[in-house]
Number of protein chains: 2
Amino acid sequence: MTTIKKIAELANVSTATVSKIINGKDQYISEATRQKVLEIVEREGYIPNGVAKSLKMRRTKTIGIILPDVMNLFFSELARGAEDAAEKEGYSVILCNTDNKELKEEKYLNILHEKMVDGIIMTAAEGSMNKSVKISKTPMVLVDRDIELDKPVGRITVNNEEGAFMATKFLIEKGCKNIGFISSQKKNKPSAERLKGYRRALKENGLEVDEKKIFLQNFTIASGYEGVMALLERNKVDGIFCGNDLIAIGAIQALKENNLKVPKDVKVIGFDDISMSQFMDPPLTTIKQPIYQLGEEAVKMLVAIIGKKDIDMHKVLRTELIERGSC
Amino acid sequence: MTTIKKIAELANVSTATVSKIINGKDQYISEATRQKVLEIVEREGYIPNGVAKSLKMRRTKTIGIILPDVMNLFFSELARGAEDAAEKEGYSVILCNTDNKELKEEKYLNILHEKMVDGIIMTAAEGSMNKSVKISKTPMVLVDRDIELDKPVGRITVNNEEGAFMATKFLIEKGCKNIGFISSQKKNKPSAERLKGYRRALKENGLEVDEKKIFLQNFTIASGYEGVMALLERNKVDGIFCGNDLIAIGAIQALKENNLKVPKDVKVIGFDDISMSQFMDPPLTTIKQPIYQLGEEAVKMLVAIIGKKDIDMHKVLRTELIERGSC
DNA sequence: ATGAAAGCGCTAACAG
DNA sequence: CTGTTAGCGCTTTCAT
């Protein structure tokens, strides 16, 4: 393996000189030695040892991203936004899937600390109250889900309550009188806020909130399916606000199986606007979150924190209604 | 920051002793000192510095995964399979998106080398003939796409030609006489092989291969859409074999816009069986690849290579026909 | 059963 | 303009 030392020997200079040249700190280096060293570096195919550099510099130019599951379109888009931004900022990203399990979250947090990542972006597991999260000195930004923490961390979220309000109101304006809500559980913060928005919209429009029309389980297609089956059993509904698009996909599936037409018999609106939503049949009307941008902003904020910049530690991005075919 | 040195001082032992205890190489350590040290480690919340360890040990327990785009459901599933397997093997994974650009591929390869990853899993950019790929001494396994390389690397692929043959044959058995093929370009190896399978199936069943019914562009929804538009302009088709499911999704979209019913007027079959395919309308009939397993097998092979195990460097996984509603 | 010491490859303060 | 040197935190050989 070619090291700085070997280059130094071959060029008859010190390692310090080589280091300076490689890192562009060569204001005081003669052009002659600069050329000579660069030539040898090239010829030998020298690759700097980043590990040694990191040890010395006490930074790894690596960040960790902890999320439930990259296979979930929401998180893959988030991850992509984060990776792109990280690349621009000169960082690499280590990917960690938790499946919403606190145990895995804890494990990854430990690994990332040992690996001395410069910062961590995390969508906390539902209800996570991690010891490691609280203790860690590593800069961190929480995306999508807020959790209670006594140390200062960055936060990137979206106006969930308002988005949900918009969604429900839209359903009402389309003439729905019996509007169901299918979402994840309340310990999932975004889900809880969307529930609030749903309630407020009903109340402000003179509609009664019927707890039997609320089905809270998971942010999955399966839950959407089961939610509709459960709702249909005990209610008549003419509109459903789904806590995310995956749920909406499952819901529509179930509605079709019950010979209910969307949007004629039942109108459905989702949340997120994941990339596939527009290709569903009918194409999903939904509350769009700037998912990719969420990832981008998370690393921008993280990089700012790492660089000890004085910034606002909470950023709220805006949602937007996208009207398509499902209501 | 707590270091091994500090622990050693607090416990009145040498750093060597602490190191041995931490790493379980404590056969010759008295139970008394072991307890004492462990206690202090716990109390101080000591976290080993993985960077220093890596420098000394000359391994990072990290692998890189290079792929076109995690937002593409195929690759997110592949990445998930890889990450899960890596976690089991004690490795972390650095995620790199290339968008199929050789330049980005090259850049990431360099970064990964500098970061001293123990191995690399890569879905090479189309037509990639990377200098870095050829030079690198880092263990590597290529997934999905084979590229020509003069050094020994692991390969995990799928029987593409055969899968395509199955797909096309299935369309023929369903009564299609005019079968189009929409896929990515030939420089994409899997696409080229699927084209071969398509051709062979037509020939072996007495059907003529009509170059005007072949549309080669990208593995994207947009290409599927454009492909159908192009085919419809100059041909009548009653069946389309799509090189992957994304193309199939775009194709069905375009077909619907042309008031053609799927599968009644035109039968469509895809390739991959990405997770969303079953939720399309109609649900996609497709050739399933074991995508998640592809990722898993890739890291298993990579870990074996890193460990200098003597293994078969080429593994071919099998495809399987999944019949659903689109033909 | 324990410790001293060398060294992984690099950077940077300081000296010359 | 260039080199010497000390260490970053860890593992491991070899003594004791």
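Computed from heavy atoms alone, side chains included, the values below leave out hydrogens, waters and symmetry copies. Just so we're on the same page: letters track the sequence lines, and every chain starts at 1.
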Contacts of type side chain to side chain contact (heavy atoms under 4.5 Å, CB included), residue [X], not counting sequence neighbours:
X      : answer
A/K308 : none
A/K300 : A/E89, A/E297
B/A124 : B/E105, B/M122, B/S128, B/I147
A/I40  : A/I7, A/L10, A/A11, A/K36, A/R43, A/E44

Count the heavy atoms belonging to other residues, nucleotides or ligands that lie under 6.0 Å from CD of B/E39, then report whether that count exceeds 12. no

Could I get the full list of side-chain hydrogen bond (donor to acceptor under 3.5 Å, both in side chains) partners for A/E83, not counting sequence neighbours? B/N97, B/Y108

Who are the salt bridge (charged side-chain N to carboxylate O under 4.0 Å, His left out) partners of A/E114, not counting sequence neighbours? none

Readout for nucleotides 4-9 of chain C: B = base within 4.0 Å of protein heavy atom, S = sugar-phosphate only, - = neither; 5' to 3' it is B--BBB

Indicate every side-chain donor-acceptor pair of residues 62-75 of chain A with a distance under 3.5 Å to a residue at least two apart or in another chain.
residue: A/T62; atom: OG1; partner: A/T60; partner atom: O; Å: 3.0
residue: A/D69; atom: OD1; partner: A/M71; partner atom: N; Å: 2.9
residue: A/D69; atom: OD1; partner: B/R80; partner atom: NE; Å: 2.8
residue: A/N72; atom: OD1; partner: A/F74; partner atom: N; Å: 2.8

Please list, in numerical order, the residues of residues 21-33 of chain A that have a heavy atom closer than 4.0 Å to any atom of DNA chain D. A/Y28, A/I29, A/S30, A/T33

Could you go through residues 15-25 of chain A and list every donor-acceptor pair under 3.5 Å that involves a side-chain atom there, pairing it with any protein atom two or more places apart or in another chain?
residue: A/T17; atom: OG1; partner: A/S14; partner atom: OG; Å: 3.2
residue: A/N23; atom: OD1; partner: A/K53; partner atom: NZ; Å: 3.0
residue: A/N23; atom: ND2; partner: A/S19; partner atom: O; Å: 2.8

Inter-axis angle, terminal five-pair segments of the helix from C/dA1-D/dT16 to C/dG16-D/dC1 [nearest 10°]: 40°

Which nucleotide of DNA chain D is the first, and which the last, in the 5' to 3' direction, to come under 4.0 Å of a heavy atom belonging to chain A? D/dC1 to D/dG9

